[in-house]
*Asks:* 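Below you will find the structure I want to go over with you.
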Amino acid sequence: MRPSSTRVLPALVLAMLAFSVVQTAVVPILPSLAKELDVSGSSITWLMTANLLSAAVLTPLLGRFGDLRGRKPMLLVSLGGLVAGSALAVGTHSFTWLVVARVLQGAGGGVLPLAISIVRDELPKEKVTGGVALISASMGVGSGLGLVATGLLLEHWDYKSIFWMGLGFGLLAVALVALRVPTDPVVDKNGGADPLGALTLAGWLSALLIAVSQGNTWGWTSNRTLGLFAAAAVIALVWGIIEVKVKHPLVDMKMMARPAVAFTNISGLLIGFGMYGSFMVISNFAQTPEKLAHYGFTATVLHAGVMLLPSALGSMVAAPVGALLIARRGPRLPLVLGGLLGAAGMVYLALRHSAEGDIYFASAVFGLGVGLAYAAMPAYINGAVPAEQSGIANGMNAVLRTVGGAIGTAVMAAILTGDTMKLPIPVQLPTLDAYKHAFWVAAAVCLVAAVVPFAIRRIKETPAPVEAPASPELVKTGA
């Protein structure tokens with residue numbers, strides 16, 4: 001007998017929220033952390049780079065180990081890394097150990113593919129679509145809530161309170177998963193390890209993410225940056241060759257080449273670019289001192305986080321709406337709508353940004369779009385891959401969202417720092433035109449994400465009653 005969704009889902013959603021809150025909570029306080037820890041502004045960005053890199057490398061590995069060794073044990077390992085990292089961050093005043101703590105927290109990235117696989121395995125069929133949509137959309141919800149929680153905590157306590165929050169969230173998630181999630185059978189009994197594939201995957205992801213994250217600091221044409229991009233390309237090619245030839249590949253390249261998987265991953269990359277990039281731009285815009293720049297709202301970290309709160313609420317609303325649309329029309333419609341709404345929110349901000357209400361409205365529209373897109377992606381992937389590859393397939397999609405986020409943040413930072421005002425004080429502020437350009441770029445990327453799903457040509461839609469949404473069935477295209 002399968003467990004009730006009311007027993008399993010809250011534990012999985014909380015686990016997803018714990019990771020997404022922890023991942024973004026430090027973003028608004030990086031400048032103040034640089035002063036607190038007495039490090040340069042370029043060095044402090046390693047607190048994000050290290051976390052993104054760790055999540056990108058460990059997410060597919062934990063997803064694959066979940067397929068091979070059971071999803072619940074690997075989910076507990078993933079959350080254990082998040083808890084250990086939070087505990088280390090609470091107990092240290094060293095920048096070096098704080099970077100190590102952020103690496104450990106990155107293990108929480110494995111929650112997404114593992115939780116989606118558990119829902120697919122354990123919940124009744126009519127509950128799977130809604131459960132997967134809720135977990136996936138929780139990533140957008142948690143990211144928005146993390147920004148608000150950071151501002152709220154800093155109003156009363158120091159930066160350590162942010163890591164205490166992560167520790168509390170993580171421990172609660174571990175307890176709920178241990179008590180409520182049933183022990184699952186191993187799905188891929190005939191699979192095997194692929195250490196060389198894992199090593200080369202970690203190699204090219206590391207080179208790519210370090211180059212993207214540090215490009216603004218080192219210079220995009222510097223030897224270090226170009227060398228890392230070249231290394232990433234070469235190692236990625238070697239990785240692809242290894243995965244085609246080994247008996248038990250970490251990532252089945254034929255599976256990755258299926259249109260429903262490949263194009264969904266492209267959408268994930270683009271939506272990740274838009275979400276993380278827009279969060280950074282909107283937060284910076286809101287905190288810009290109006291008297292100096294003649295734009296912005298001189299917002300505190302808390303106030304800027306509250307302006308982004310509608311995005312979290314929009315993603316929350318998107319989960320049930322996305323599940324309903326997937327059940328009735330298949331995953332294409334919510335994925336297309338997600339890109340269109342994301343683009344609409346950014347176009348609105350490019351044209352109207354003089355009142356706080358503009359930020360609230362655009363944030364809500366954008367969050368709704370992100371939530372719909374994130375809800376649709378696992379439905380496409382789960383309909384195209386067998387159960388024994390569900391963990392690694394969703395893990396690679398999560399990786400590409402992370403890579404997209406890193407690229408989006410770097411591109412937005414380059415746009416803002418490339419056009420600054422001349423002020424009589426030693427502070428560089430972007431011009432208003434720089435922010436407009438950033439909003440237009442984010443809009444264009446989201447619009448491309450809305451077009452990509454049309455490349456997945458053959459979709460067999462399985463309409464179902466509203467009361468009992470069923471997972472859409474995707475027809476393989478032979479790719």
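Below, all heavy atoms of this structure are taken into account, side chains as well, without hydrogens, waters or symmetry copies.
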*Asks:* Measure from the side-chain N and O atoms of Thr264 to the backbone N and O of Ile381, and report whether any donor-acceptor pair falls under 3.5 Å.
*Replies:*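 Flag not set: sc Thr264 to bb Ile381 has no pair under 3.5 Å.
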*Asks:* According to the interplanar angle, ranging from 0 to 90°, do the rings of Phe163 and Tyr159 count as parallel (below 30°), tilted (30 to 60°) or perpendicular (above 60°)?
*Replies:*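 The rings of Phe163 and Tyr159 stand perpendicular, inter-plane angle above 60°.
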*Asks:* Closest approach of Ala376 and Pro331, non-hydrogen atoms and distance?
*Replies:*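 Closest approach of Ala376 to Pro331, heavy atoms only: CB-O, 3.5 Å.
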*Asks:* Run the numbers on Thr225 and Ser222 for side-chain hydrogen bond (donor to acceptor under 3.5 Å, both in side chains), then give the verdict.
*Replies:* CA-CA 5 Å; Thr225 305; Ser222 71; 3.0 Å; yes
*Asks:* When you compare the side chain of Val347 with that of Phe439, does any pair of heavy atoms fall below 4.5 Å?
*Replies:*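 No, their side chains stay 4.5 Å or more apart.
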*Asks:* Of all heavy-atom pairs between Ala406 and Leu52, which one has the smallest distance, and what is that distance?
*Replies:*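 Looking at all heavy atoms of both residues, the closest pair is CB-CD1, 4.0 Å.
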*Asks:* In a check of side chain to side chain contact (heavy atoms under 4.5 Å, CB included) between Val212 and each of Leu228, Ile407, Thr49, which one passes?
*Replies:*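 Among Leu228, Ile407, Thr49, the one that satisfies the side chain to side chain contact (heavy atoms under 4.5 Å, CB included) with Val212 is Ile407.
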*Asks:* Got more than 12 heavy atoms from elsewhere within 6.0 Å of CG, Asp158?
*Replies:* yes
*Asks:* Tell me which one of Leu62, Asp67, Leu61 satisfies side chain to side chain contact (heavy atoms under 4.5 Å, CB included) with Ile392.
*Replies:*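 Only match with Ile392 under side chain to side chain contact (heavy atoms under 4.5 Å, CB included): Asp67.
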*Asks:* Has Ser138 got a side-chain atom pairing as donor or acceptor with Met16's backbone, closer than 3.5 angstrom?
*Replies:* no
*Asks:* Keeping the roles fixed (side chain from Lys291, backbone from Thr298), state whether a donor-acceptor pair exists under 3.5 Å.
*Replies:*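 Flag not set: sc Lys291 to bb Thr298 has no pair under 3.5 Å.
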*Asks:* What's the verdict on side-chain hydrogen bond (donor to acceptor under 3.5 Å, both in side chains) for Ser283 and Gln287, showing C-alpha distance, side-chain angles and the deciding distance?
*Replies:* CA-CA 6 Å; Ser283 180; Gln287 293 180 65; 3.0 Å; yes
*Asks:* How far does NE2 of His294 sit from OG1 of Thr288, to the nearest 0.5 angstrom?
*Replies:* 12.5 Å
*Asks:* Tell me whether Ser161 contacts the main-chain N or O of Trp157 through its side chain, where contact means a donor paired with an acceptor under 3.5 Å.
*Replies:*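 No; judged by distance alone, with no hydrogens or angles, the pair does not exist.
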*Asks:* In this structure, is the centre-to-centre distance between the rings of Tyr295 and Phe285 below 6.0 Å?
*Replies:* yes
*Asks:* Any donor-acceptor pair under 3.5 Å linking the side chain of Lys436 with the backbone of Leu351?
*Replies:* no
*Asks:* With side chains defined as the heavy atoms from C-beta onward, is the minimum distance between His353 and Leu432 less than 4.5 Å?
*Replies:* yes
*Asks:* Hey, what do you get for OG1 (Thr300) to CD (Glu155), rounding to the nearest 0.5 Å?
*Replies:*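 Thr300 OG1 to Glu155 CD: 5.0 Å, rounded to 0.5 Å.
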*Asks:* Side-chain contact test, heavy atoms from C-beta onward, threshold under 4.5 Å: evaluate it for Pro453 versus Phe263 and give yes or no.
*Replies:*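 Sidechains of Phe263 and Pro453: no contact.
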*Asks:* State, to 0.1 Å, how close Ser206 and Val57 come at their nearest heavy-atom pair, and which atoms those are.
*Replies:*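 Taking every non-hydrogen atom into account, OG-CG2, 4.1 Å.
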*Asks:* With rounding to the nearest 0.5 Å, note down the distance linking CD1 in Ile44 to CD1 in Ile29.
*Replies:*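 These two atoms lie 8.5 Å from each other.
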*Asks:* Could you give all pairs that pass the side-chain hydrogen bond (donor to acceptor under 3.5 Å, both in side chains) test and reach residues 399-413, with sequence neighbours left out?
*Replies:*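 Of all non-adjacent pairs touching residues 399-413, those that pass side-chain hydrogen bond (donor to acceptor under 3.5 Å, both in side chains) are Ser136-Arg401, Asn397-Arg401.
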*Asks:* Distance from Leu33 atom CG to Leu98 atom CG, nearest 0.5 Å?
*Replies:*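 If we round to the nearest 0.5 Å, Leu33:CG and Leu98:CG are 7.0 Å apart.
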*Asks:* Can any side-chain N or O of Lys72 pair as donor or acceptor with the backbone N or O of Pro182 at less than 3.5 Å?
*Replies:*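 No.
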*Asks:* Taking the side chain as every heavy atom from C-beta outward, state whether Trp46 and Gln214 have any atom pair closer than 4.5 Å.
*Replies:*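 They are in side-chain contact.
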*Asks:* Taking atom CH2 of Trp218 as the centre, does the number of heavy atoms from other residues, nucleotides or ligands within less than 6.0 Å exceed 12?
*Replies:*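 Yes, the 6.0 Å shell around CH2 holds more than 12 heavy atoms from other groups.
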*Asks:* Within a strict 4.5 Å, meaning less than it, do heavy atoms of the Ser311 and Met316 side chains meet?
*Replies:*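 A side-chain contact under 4.5 Å is absent here.
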*Asks:* Can you sort out the partners of Asp358 under salt bridge (Lys or Arg N to Asp or Glu O under 4.0 Å), two or more places apart, ordered by chain and number?
*Replies:*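 With neighbours one apart ignored, the set is Arg352.
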*Asks:* Between Trp204 and Trp239, how do the two ring planes meet: parallel, tilted or perpendicular, split at 30° and 60°?
*Replies:*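 Tilted: the ring planes of Trp204 and Trp239 meet at 30° to 60°.
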*Asks:* Please report the interatomic distance OH(Tyr374) to CG(Leu335), rounded to the nearest 0.5 Å.
*Replies:*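 Here the interatomic distance stands at 11.5 Å.
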*Asks:* Taking Ser78 for the side chain and Met74 for the main chain, is one N or O donor matched with an acceptor at less than 3.5 Å?
*Replies:*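 Looks like no, no N/O pair under 3.5 Å.
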*Asks:* Heavy atoms, side chains only, cut-off 4.5 Å: are Pro310 and Tyr360 in contact?
*Replies:*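 Of all side-chain heavy-atom pairs linking Tyr360 with Pro310, at least one is under 4.5 Å.
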*Asks:* Where do Gly371 and Ala137 come nearest, in terms of heavy atoms and distance?
*Replies:*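 Answer, listing the atom of Gly371 first, then Ala137: O-CB, 4.0 Å.
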*Asks:* So do Phe169 and Trp164 actually touch side chain to side chain, heavy atoms under 4.5 Å?
*Replies:* no
*Asks:* State whether the side chain of Thr59 and the backbone N or O of Gly109 hold a donor-acceptor pair below 3.5 Å, judged by distance alone.
*Replies:*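 Pair found, side chain donor or acceptor close to backbone of Gly109.
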*Asks:* Between atom OG1 of Thr129 and atom CG of Leu324, what is the distance when rounded to the nearest 0.5 Å?
*Replies:*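 So the OG1 of Thr129 and the CG of Leu324 are separated by 10.5 Å.
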*Asks:* When you look at CH2 of Trp97, are more than 12 heavy atoms from neighbouring residues, nucleotides or ligands closer to it than 6.0 Å?
*Replies:*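 No, because the 6.0 Å sphere around CH2 of Trp97 holds 12 heavy atoms or fewer from other groups.
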*Asks:* Does CG in Asp433 sit with more than 12 non-hydrogen atoms of other residues, nucleotides or ligands closer than 6.0 Å?
*Replies:* yes
*Asks:* With Arg224, which residues qualify under salt bridge (Lys or Arg N to Asp or Glu O under 4.0 Å), at least two apart?
*Replies:* none
*Asks:* Can you tell me if Ser315 uses its side chain to pair, donor with acceptor, with the backbone of Leu368 under 3.5 Å?
*Replies:*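 Not at all, since once roles are kept as given, no pair shorter than 3.5 Å links the two residues.
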*Asks:* Heavy-atom count check: over 12 atoms from other residues, nucleotides or ligands less than 6.0 Å from Glu356 CD?
*Replies:* yes
*Asks:* Between Gln105 and Ser86, is there a side-chain donor-acceptor contact under 3.5 Å, judged purely by atom types and distance?
*Replies:* yes
*Asks:* Does any non-hydrogen side-chain atom of Val100 lie less than 4.5 Å from one of Ser94?
*Replies:* no
*Asks:* Ignoring hydrogens and angles, tell me if any N or O in the side chain of Ser143 forms a donor-acceptor pair with the backbone of Met139 under 3.5 Å.
*Replies:* yes
